[in-house]
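Following: one structure in structure tokens, then a few remarks.
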Amino acid sequence: MIKRKRYSLRRPKPNKALHQAPGTATYVGHKDSVETKLEVIDYNKDSFERFISKTPEDAFKFEAPDKVTWFNIDGLSNTEKIEKLGRYYDLDHLITEDIVNTNQRPKIDEYQDYIFVVAKMLYHGENGHIENEHISFVLGRDYVLSFQEAGGDVFNNVRDRLKKSHGRIRSNGADYLLFALLDAIVDNYFIVIEDIADKIEYLEERLFDSQPNDDITYEIQELKRAILRIRRAVFPLREVVSRLEKMDGDLIEERTRNYLRDLYDHILQATENIDIYREMTWGLMDMYMTTISNKMNEVMKVLTIIATIFIPLTFIAGIYGMNFEFMPELQWKYSYYILWGVMLTIFVLMLFYFKRKKWL
């Protein structure tokens with residue numbers, strides 16, 4: 001038997017940064033125990049270097065004017081390291097606050113020397129749960145910073161392309177790297193959405209079973225909640241990519257804008273699919289209620305037919321069950337058998353009539 005994935009997403013954690021000064025970096029999320037690690041990938045067209053570190057200082061030596069550096073930070077609970085990176089790259093305090101606040105919706109902010117992007121990364125984690133992970137990007141002239149809640153992401157294909165110099169990624173700048181990372185996130189949206197479609201099809205098949213399980217209502221409600229949270233994660237990214245493609249300045253090259261327009265089209269397709277499956281999921285509950293109503297109607301029809309058949313039989317039995325002294329038929333020798341014959345004949349004729357009317 002195929003093991004079905006559970007389509008549940010973690011609810012946002014209450015904002016612990018309430019009543020604090022703006023720009024205060026306070027981690028808000030579910031993954032407090034994740035150790036902060038730094039992955040550095042430094043490359044150009046002719047070279048590639050990668051290493052893992054736990055201290056931000058080890059990564060600062062990799063800045064070179066002829067190379068692009070990707071700093072990928074896993075784990076946001078250690079705000080001191082995040083702030084240290086922020087100070088080194090002269091990031092605004094409001095940005096470091098948004099980096100560690102996993103309740104922040106997808107958005108984009110433009111500054112003089114860099115662009116800040118927030119997105120949501122969806123993928124299947126352990127036990128088939130859909131993980132909705134907060135991820136932030138900072139795009140500079142020759143670097144990209146990415147901040148994730150925990151290890152494990154959807155960027156392995158990007159790493160492989162960088163390592164093996166596949167495609168044009170090593171020949172382009174940091175803006176193309178940001179596009180490649182966003183494109184990987186959007187591509188994984190389609191995988192998650194396709195699994196939602198499979199789940200809807202599976203539930204539809206169960207609804208048409210002879211006796212659907214009552215637990216199906218819980219599964220439908222769980223699926224509805226998952227789709228709504230996926231929708232909240234995906235829809236704001238349309239505006240993010242649209243603004244990124246239309247931004248002035250030299251951080252985004254003209255050739256990269258063409259790829260961003262194509263990425264925007266992919267996001268539109270994803271959002272349209274989400275809307276379609278959202279409507280289909282809402283229709284599943286209506287379909288379930290209709291199925292239950294139809295089965296109830298079938299039961300009521302059978303009971304009505306049985307009651308209708310027994311109405312004339314009860315009438316006959318009622319007449320001859322009266323205690324009148326003079327009832328001629330009671331004195332007949334074969335009256336008992338004749339009465340049974342009449343009642344059986346009525347029973348058979350009524351069954352034949354109902355069958356002919358296709359009520360049975």
Side-chain angles (χ1 to χ4, degrees), residues 1-15 28-31 102-103 105-106 120-134 149-150 152 154 185-238 267-307 358-360:
M1 179 180 293
I2 298 176
K3 186 177 180 181
R4 295 286 174 180
K5 296 182 177 66
R6 287 179 55 114
Y7 289 84
S8 59
L9 292 171
R10 294 184 182 272
R11 293 185 179 276
K13 202 168 184 179
N15 197 333
V28 180
H30 295 274
K31 301 176 181 179
T102 61
N103 291 337
R105 72 189 298 272
K120 300 297 180 181
M121 183 167 55
L122 303 177
Y123 59 92
H124 288 110
E126 298 179 358
N127 301 322
H129 288 278
I130 297 178
E131 295 290 338
N132 182 2
E133 185 173 335
H134 176 80
E149 287 187 76
V154 298
I185 292 175
V186 174
D187 285 345
N188 218 66
Y189 286 165
F190 285 98
I191 297 176
V192 174
I193 293 171
E194 189 63 30
D195 287 338
I196 292 289
D198 293 339
K199 179 67 173 179
I200 293 174
E201 182 179 352
Y202 168 69
L203 291 176
E204 284 181 342
E205 293 176 356
R206 288 182 55 191
L207 282 173
F208 287 106
D209 287 345
S210 58
Q211 291 184 352
N213 195 320
D214 292 338
D215 292 339
I216 197 172
T217 57
Y218 170 78
E219 296 182 41
I220 293 175
Q221 292 296 333
E222 185 183 60
L223 184 61
K224 286 167 60 176
R225 289 193 296 268
I227 290 178
L228 288 176
R229 293 176 190 164
I230 291 172
R231 190 175 187 273
R232 285 198 294 266
V234 176
F235 267 62
L237 196 60
R238 294 185 304 177
I267 298 175
L268 282 181
Q269 182 182 350
T271 55
E272 289 173 359
N273 290 344
I274 291 173
D275 279 339
I276 291 173
Y277 297 140
R278 182 191 181 196
E279 294 298 325
M280 292 177 65
T281 304
W282 283 94
L284 286 176
M285 185 58 72
D286 294 336
M287 188 184 302
Y288 173 75
M289 298 305 298
T290 301
T291 302
I292 296 299
S293 178
N294 289 339
K295 291 185 181 299
M296 181 63 69
N297 290 338
E298 288 293 326
V299 173
M300 294 302 298
K301 183 175 72 172
V302 172
L303 294 177
T304 301
I305 290 174
I306 293 174
K358 297 182 180 180
W359 295 346
L360 282 176

Measuring from atom [atom1] of [X] to atom [atom2] of [Y], what distance do you get when rounded to the nearest 0.5 angstrom?
{"X": "Ile193", "Y": "Ile274", "atom1": "CD1", "atom2": "CD1", "value": "4.0 Å"}
{"X": "Met289", "Y": "Met296", "atom1": "CE", "atom2": "CE", "value": "10.0 Å"}
{"X": "Leu122", "Y": "Ile130", "atom1": "CG", "atom2": "CD1", "value": "7.5 Å"}
{"X": "Lys295", "Y": "Thr290", "atom1": "NZ", "atom2": "OG1", "value": "12.5 Å"}
{"X": "Ile267", "Y": "Phe235", "atom1": "CD1", "atom2": "CZ", "value": "11.5 Å"}
{"X": "Gln221", "Y": "Ile216", "atom1": "CD", "atom2": "CD1", "value": "11.5 Å"}

Closest non-hydrogen atom pair, [X] against [Y]:
{"X": "Val154", "Y": "Met121", "result": "CG2-SD, 3.7 Å"}
{"X": "Asn103", "Y": "Lys120", "result": "C-NZ, 4.5 Å"}
{"X": "Tyr277", "Y": "Ile196", "result": "CB-CG2, 4.3 Å"}
{"X": "Glu219", "Y": "Leu203", "result": "OE1-CD2, 3.5 Å"}
{"X": "Asn132", "Y": "Glu149", "result": "O-OE2, 4.1 Å"}

(request) List for me each residue that meets side chain to side chain contact (heavy atoms under 4.5 Å, CB included) alongside Asp286, sequence neighbours excluded, and say none if there are none. (result)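 Partners of Asp286 under the side chain to side chain contact (heavy atoms under 4.5 Å, CB included) test: none.
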(request) Return the set of residues passing side chain to side chain contact (heavy atoms under 4.5 Å, CB included) with Ile191 (not counting sequence neighbours), or none when no residue passes. (result)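 So Ile191 forms a side chain to side chain contact (heavy atoms under 4.5 Å, CB included) with Asn188, Asp195.
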(request) Report the residues that fulfil side-chain hydrogen bond (donor to acceptor under 3.5 Å, both in side chains) with Arg231, sequence neighbours left out, ordered by chain and then residue number. (result)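 With sequence neighbours excluded, Arg231 shows a side-chain hydrogen bond (donor to acceptor under 3.5 Å, both in side chains) to Asp275, given in chain and number order.
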Just so I know, are the side chains of [X] and [Y] near enough to count as touching, which here means a heavy-atom distance under 4.5 Å?
{"X": "Asp198", "Y": "Tyr202", "value": "no"}
{"X": "Met280", "Y": "Ile276", "value": "yes"}
{"X": "Tyr123", "Y": "Val192", "value": "no"}

(message) Set out, in order, the CA-CA distance, both residues' side-chain angles and the distance that settles side-chain contact (heavy atoms from CB on, under 4.5 Å) for Leu237 and Tyr189, then state yes or no.
(response) CA-CA 11 Å; Leu237 196 60; Tyr189 286 165; 3.8 Å; yes
(request) Could you check Tyr218 against Glu222 for side-chain contact (heavy atoms from CB on, under 4.5 Å), going step by step and ending with a plain yes or no? (result) CA-CA 6 Å; Tyr218 170 78; Glu222 185 183 60; 3.6 Å; yes
(request) Could you list the residues that satisfy salt bridge (charged side-chain N to carboxylate O under 4.0 Å, His left out) with Glu298, not counting sequence neighbours? (result)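 Glu298 satisfies salt bridge (charged side-chain N to carboxylate O under 4.0 Å, His left out) with Lys301 only.
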(request) Under the salt bridge (charged side-chain N to carboxylate O under 4.0 Å, His left out) rule, collect the residues that match up with Lys224, sequence neighbours excluded. (result)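 Here no residue qualifies.
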